[in-house]
Amino acid sequence: MSEHHSPVDVRDVSVSYRGRPALDRAAFRLQTGVTGLLGPNGAGKTTLLRVLATATSPDHGELTVLGHDPRSPQGKLAIRRRLGYLPQDPGFHPHFTALDFIDYVAILKELTDRKARRAEALRVLEAVGLADHRGKRIKALSGGMRQRVALAAAIIGDPDLLILDEPTVGLDPEQRLRFRELIAGLGEGRTVLLSTHQTEDVSALCQRVIVLDRGVVKFQGLPSELVAVAAGRVWSSTERDATALAGWRTGEGTFRNIGNPPGGAALVAPTLEDGYLLLLDGLLTADQGVLR
């Protein structure tokens with residue numbers, strides 16, 4: 001696919017808040033399929049998603065989203081008509097039923113025919129497995145169900161671009177597996193950008209991955225290429241190696257170390273998380289939720 005036809009093309013985009021850069025000359029392209037966006041807290045992920053969702057304007061640089069420039073009023077409107085966006089806080093009205101909320105979002109997406117709008121609302125609720133709960137008030141739904149309502153709202157109108165900001169946060173393992181299945185299906189034939197802290201979600205779902213750190217794109221490529229960053233740099237030992245950038249005791253009782261291995265170290269196969277940690281140069285710590 002040529003540069004002109006990339007669904008999302010970001011070129012040297014910068015955004016600052018109070019003189020501090022949230023994005024620093026970010027540059028990448030998105031194609032059809034699921035791309036994972038990884039990065040620690042404060043990396044600029046939400047700012048980047050808001051730029052792509054036309055909620056924030058860049059201070060510098062150029063971008064096209066679905067062939068339009070979001071900095072123009074006409075471009076912004078054209079993008080929003082083909083965009084699905086799931087923010088970290090969807091802003092539910094707790095007294096709405098699930099169906100009421102989806103119908104409200106459908107009106108905002110300019111679905112004006114009442115019969116067609118209801119049919120579309122029922123379709124997306126069915127798609128996320130909530131057809132049987134459509135009459136329940138949102139305040140009575142579990143956290144996992146609320147996330148599914150938010151995802152249903154994002155896919156109303158069958159958007160070409162889907163932007164998901166931490167959609168699996170707070171979900172239990174079974175709920176996360178169900179979300180993975182949903183998102184994998186949504187990535188067929190459309191462009192999905194999935195921001196997450198969960199490297200295992202990226203390994204399971206994503207055809208490509210972008211790593212953002214302190215506003216800078218540190219990596220973009222295949223998940224296997226991010227795994228390869230850690231090749232030869234992960235080893236097992238009976239004690240925590242003081243020279244390692246990171247190390248922790250595994251369930252087997254041995255220590256898994258990441259960094260520059262000593263001579264004769266027992267190397268082990270790296271994971272995507274290992275490559276991610278090394279890419280961030282060991283700056284993340286256990287209290288940031290990465291070394292679990």
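Side chains are part of it too, since the values below use all heavy atoms of this structure and drop only hydrogens, waters and symmetry mates.
- The CZ atom of R29 sits 8.5 Å away from the CZ atom of R11 when rounded to the nearest 0.5 Å.
- You'll find the side chain of L267 stays beyond 4.5 Å of the side chain of V234, heavy atoms only.
- Side chain to side chain, S237 and N257 meet the donor-acceptor criterion of an N or O pair below 3.5 Å.
- Between L151 and L164, some side-chain heavy-atom pair lies under the 4.5 Å cut-off.
- Ring geometry for F96 versus F101: interplanar angle of 30 to 60°, hence tilted.
- By the neighbour-count criterion of 12 heavy atoms within 6.0 Å, atom OH of Y104 is sparsely surrounded, having that number or fewer from other residues, nucleotides or ligands.
- Side-chain contact of H197 with N41: a donor-acceptor pair under 3.5 Å is present, judged by distance alone.
- The closest side-chain heavy-atom distance from P58 to L23 is not below 4.5 Å.
- D165 and T46 share a donor-acceptor pair across their side chains, judged by distance under 3.5 Å alone.
- In this structure a side-chain-to-backbone donor-acceptor pair under 3.5 Å is present from R190 to P159.
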message = Does T271 form a side-chain contact (heavy atoms from CB on, under 4.5 Å) with T199? I'd like the steps, not just the answer.
response = CA-CA 9 Å; T271 66; T199 54; over 6 Å; no
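- No chain of hydrophobic side-chain contacts below 4.5 Å, direct or via other Ile, Leu, Val, Met, Phe, Trp or Tyr residues, connects V209 to V34.
- A salt bridge links D201 with R180: at least one charged nitrogen is closer than 4.0 Å to a carboxylate oxygen.
- With rounding to the nearest 0.5 angstrom, the CZ atom of R148 is 7.5 Å from the CZ atom of F179.
- When side chains are defined from C-beta on, S236 does not count as touching R256, because their heavy atoms never get closer than 4.5 Å.
- Taking a 6.0 Å sphere around CD of E181, one finds it holds 12 or fewer heavy atoms contributed by other residues, nucleotides or ligands.
- Note on D100 versus R137: no salt bridge recorded, every NZ/NE/NH1/NH2 to OD/OE distance being 4.0 Å or above.
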inquiry  = What verdict does the side-chain contact (heavy atoms from CB on, under 4.5 Å) test give for T191 and D160, after you've listed the backbone C-alpha separation in whole Å, the side-chain angles of each residue and the deciding distance to 0.1 Å?
reply    = CA-CA 6 Å; T191 302; D160 296 312; over 6 Å; no
request  = Decide side-chain contact (heavy atoms from CB on, under 4.5 Å) for L37 and T196; before the verdict, give the C-alpha distance in whole Å, the side-chain angles of both, and the deciding distance to 0.1 Å.
outcome  = CA-CA 6 Å; L37 177 63; T196 181; over 6 Å; no
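- Counting heavy atoms from C-beta on, the side chains of S6 and L30 never come closer than 4.5 Å.
- Taking a 6.0 Å sphere around CZ of R178, one finds it holds 12 or fewer heavy atoms contributed by other residues, nucleotides or ligands.
- Atom CZ of R71 sits in a crowded spot, with more than 12 heavy atoms from other residues, nucleotides or ligands closer than 6.0 Å.
- Taking 4.5 Å as the limit, every side-chain heavy atom of V268 sits out of range of all side-chain heavy atoms of W235.
- To the nearest 0.5 Å, the span separating CG on L52 from CD1 on I163 amounts to 5.0 Å.
- D103 has no carboxylate O lying under 4.0 Å from a charged side-chain N of R118, or vice versa, which leaves the two without a salt bridge.
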task = Applying side-chain contact (heavy atoms from CB on, under 4.5 Å), run through H133 and M145 and close with a yes or a no.
result = CA-CA 9 Å; H133 300 278; M145 286 183 176; 3.5 Å; yes
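- The existence of a salt bridge linking D213 and K218 is confirmed by a sub-4.0 Å separation between a basic side-chain nitrogen and an acidic carboxylate oxygen.
- Closest of all the heavy-atom pairs between I102 and L125 is CG1-CD2, 3.9 Å.
- Note on R134 versus D132: no salt bridge recorded, every NZ/NE/NH1/NH2 to OD/OE distance being 4.0 Å or above.
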request  = Show the numbers, then the answer: is there a side chain to side chain donor-acceptor pair (under 3.5 Å) between T56 and R50?
outcome  = CA-CA 5 Å; T56 295; R50 286 178 56 82; 3.1 Å; yes
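- Looking at heavy atoms from C-beta onward, L99 lies in side-chain contact with L122 at the 4.5 angstrom threshold.
- Residue L130 holds its CG atom at 7.0 Å from CG of L141, rounded to the nearest 0.5 Å.
- Each of V13, L212, I210, T35 was checked for a side chain to side chain contact (heavy atoms under 4.5 Å, CB included) with F28, and the lone residue meeting it is I210.
- Annotation for A153 and V105: closest pair O-CG1, 3.7 Å, computed over non-hydrogen atoms.
- Side chains of T254 and E252: a donor-acceptor N/O pair is absent below 3.5 angstrom, by distance only.
- Side-chain contact check for S72 and D69: no donor-acceptor pair (N or O, by modelled atom type) lies under 3.5 Å.
- Salt bridge present: E120 and R123 bring a charged side-chain N and a carboxylate O closer than 4.0 Å.
- Linking Ile, Leu, Val, Met, Phe, Trp and Tyr whenever their side-chain heavy atoms come within less than 4.5 Å puts L245 and V227 in one cluster.
- Counting heavy atoms from C-beta outward, T47 and K45 have side chains that stay 4.5 Å or more apart.
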